Structures are given as structure tokens and as C-alpha cells.
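Data first, discussion second: the structure below is written as C-alpha cells.
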Amino acid sequence: LLGRKTVPLLLTVQGLGAFALITLGVMLKKSGVARNVMQPRIRQEIARAGVALLPMFLFVALALGFLVVGQTVSALAKVGATNYLGSTMVIVVVRELGPLLAAMLVLARVGTANVIELGTARALGEVEALEALGIDPVHYLIVPRVIGMALGIFSLTVYLIIGALGERLFVRVFAGCAADAGRLFQATRRGAGLAGLRAAGAQDLAFGFFIAIVTCYHGLAQPLRLEEVSRVAVRAVTQGVIVCVLIDALFIVLYLVT
Amino acid sequence: MSENQNPGRHRNARRERRRDADASLTVVEDVNWSVAPGEFWVVAGQQHSGKSDLLMHAAGLDDAGAGSCKSCSAATPTLLARRNWPERLRVGFVFAGGQLFNQLTLAENVALPLRYQKNLTAAEAARRCAICWN
């Protein structure tokens, strides 16, 4: 019974690892190939995984600012622990909630669409058609999605954090507490530090890369029938969530160690 | 060359068949096929006699279960390595169903391999394709 669950899990991990390495290899080896075709596709994917989600992210940023930052500021002020404001903001918004929330939203909005698009393309024989035209399907279909998602999640996290913290600053300034706003800004900047911001950026890029790998792997790497696409989409999103949590856990360990 | 209406499905079915296949069964053997410029060939045979397998191998789109296959006087590498194989581009393959990409226009579908292989801009490819339309 244990083997029945474990063996497919190990095979999936092996398949994902191999697919990630193949994609990285193609990204490096074919970085200069067909630039006139690939650059518009990459821009299109960045727009899809980044720019198109901006309105939703601004809404989420305002909600995050109102709920999390507002509650934290209010709770810490009550117990006179405003000294911890910066580090709390950094841990909650910059390190944890911002990147993870951005990754989950992009997984839900773009990752699902990826699996369905690629799964349908695979089932309809478009991958074979690309091979017949001498076009590498990994280069043409996967590389733009990986780059688009990695840069999309990175940019959206930056906007999410700026939106969430900026909203509280705006509220404070608007309420005539400019000194409070300045303190919040300074405390957050001190708490984050350059190394912390770099690590958060690396975490965002890792989220984007692995979400794209998981969703593209399930959509493209295995032969599919049309009726299997929905089931595979559910599996890909579930594994995408697990991968995001694992990456988050890995970065927490790195934060604690360094 | 032509293929059936849904090559993706057909290929999946073929892989499933291959898993249960009789290893002693030889589908294609001792075929030496030369196609001269301007020649028009028809490959005919009974269902499951290996027509599609022959065409897919000739176009470099499938791996032989056993044995070897040469195309354009060169031994065909494995399917993965074949993506970078220059001889592969000397054989064109048109699926019976067209297998066009829905997100592209007809002209963009025609221009896609030209743009990808020659690194042309959309305008350059459209100009070259316009010569063909006219």
C-alpha cells in the first residue's frame, strides 16, 4: 500500500526534475535562437502573468494593507511594542505573505490556464505539428511561460508589497499622522535590509520558475487525451501549491541558517 | 505525406499499443525509399499495416522500436537529439487535418516555421509568404 503511493510520487518528482533540467538546458542553449519569434512570445507571457493581473493585485494589496498591516500596527501599538513593527512587517508582508500570495494567485489565474492550453495542444497533436515543422516544443511553448511567470510573480510581489505598505502610509498621512507613517516606512526598510530583499526576490523567481515547470510538465510532458485535461489541471494545481509551500519552507530554513 | 485527422490521439494510441505489442512483430523492414524532386508517391496498405509508422519514420518524427533508420543518407539520431538535427528540416510533413495553431492566422501558420528557422520578423515573413500567395 505504501509502495503504491510512494512509487508514483517518486516518479513524478523524477519527471519534474528531468523536465526542469531540460527546460533550463534549452533556455541556456537556445537563448539566441529565433529571437524575432521568441521575444514577442516572452513579452506576451509577461503581460499575461504580470500586467494583466495588476488590477486584481492592487485590490489584494489594499485588502492586505487594511487587514494585516492595519491589524498589526494597531495590535503592537496597544501593547507598546512598536519597536517590533519593522521586523514584523518584513516577516509577514515582505518575506512570507507577499511572495506566497502572489505565487498562489498567479498559479490560480495563469498556471491553470497553462495546463489546459498545453494539455489541449498536446491532445490535439499541436506538439507533433511543431516537431514536424522543426520547432522545439520546449523552446517555443515552455521557455516563454517560464520567463513570463518568473518575472510576472517577481513584479507582482513588488507591487503587492508596495501597495500593502503604501496603503497604510497613505492612511496615516491622510489621518494627519505623518510621523507614524515615516516611522512605519523606516522600520520596514531597516527590518528588510538588502540581503532580505534579495532573498525575497530569489524566492519570487523560484516560485515563478517552479509553478511554470509543474503546470507545463503536466500539460505537455505526458501524452494526454482531451477528456484527461481537467483531471490533470487539478493535479497540477495541487502539486503547484505543494511546491510553493516547499520552496517557502526552504527559504525559511535559509533565513534561519544565515 | 499525410497523417490521420488527429495525430496526437493516434500517437498516444500507438504508444499504448506498443506497450502491449508483440516484440517479434516487424512493422517496417528493408525499405529503401528515394523520392526525386517532382515525384508524387502514394503509400497504400491495409489498416494497421504500418503506413503511418513508415511516414513518421521517414519524416523523423518517431523512433524505431528496434533496428535503425536512415534519412537523407544519414542515420537518424534519437527523437530528442533530432530536434537539433539539420537533416530533419529537409523533410516536410503535412498532417491530413492541417494541425494549424488556432491562435495564429492562416498566413501566420504558414510563416511560422520560416520565421523560427530563419529568425525573420513578422513583416519580413509576411513579405516572403506574399510571394507564395501571388
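No experiment lies behind these values; they were computed from the predicted model shown. Note on naming: letters A, B, ... go to the chains in the order of the sequence lines (proteins, then strands), and numbering restarts at 1 for each one.
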**Prompt:** For Phe57(A), does the CZ atom have more than 12 heavy-atom neighbours from other residues, nucleotides or ligands under 6.0 Å away?
**Reply:** yes
**Asked** Rounded to the nearest 0.5 Å, what separation is found between the OG1 atom of Thr120(A) and the CG atom of Asn102(B)?
**Response** 10.0 Å
**Fill in**
Ordered numerically, the heavy-atom neighbours of chain A under 4.5 Å found in residues 111-120 of chain B are Leu112(B), Pro113(B), Arg115(B), Tyr116(B), Gln117(B), Asn119(B), Leu120(B)
**Asked** Is the number of heavy atoms from other residues, nucleotides or ligands under 6.0 Å of Glu39(B) CD greater than 12?
**Response** yes
**Message:** Counting only non-hydrogen atoms closer than 4.5 Å, can you tell me which residues of residues 37-55 of chain A sit against chain B?
**Reply:** Val37(A), Met38(A)
**Asked** Is the count of non-hydrogen atoms from other residues, nucleotides or ligands lying under 6.0 Å from Tyr159(A) atom OH greater than 12?
**Response** no
**Complete:** Here the gap from Glu131(A) atom CD to Met56(B) atom CE, rounded to the nearest 0.5 Å, amounts to 8.5 Å
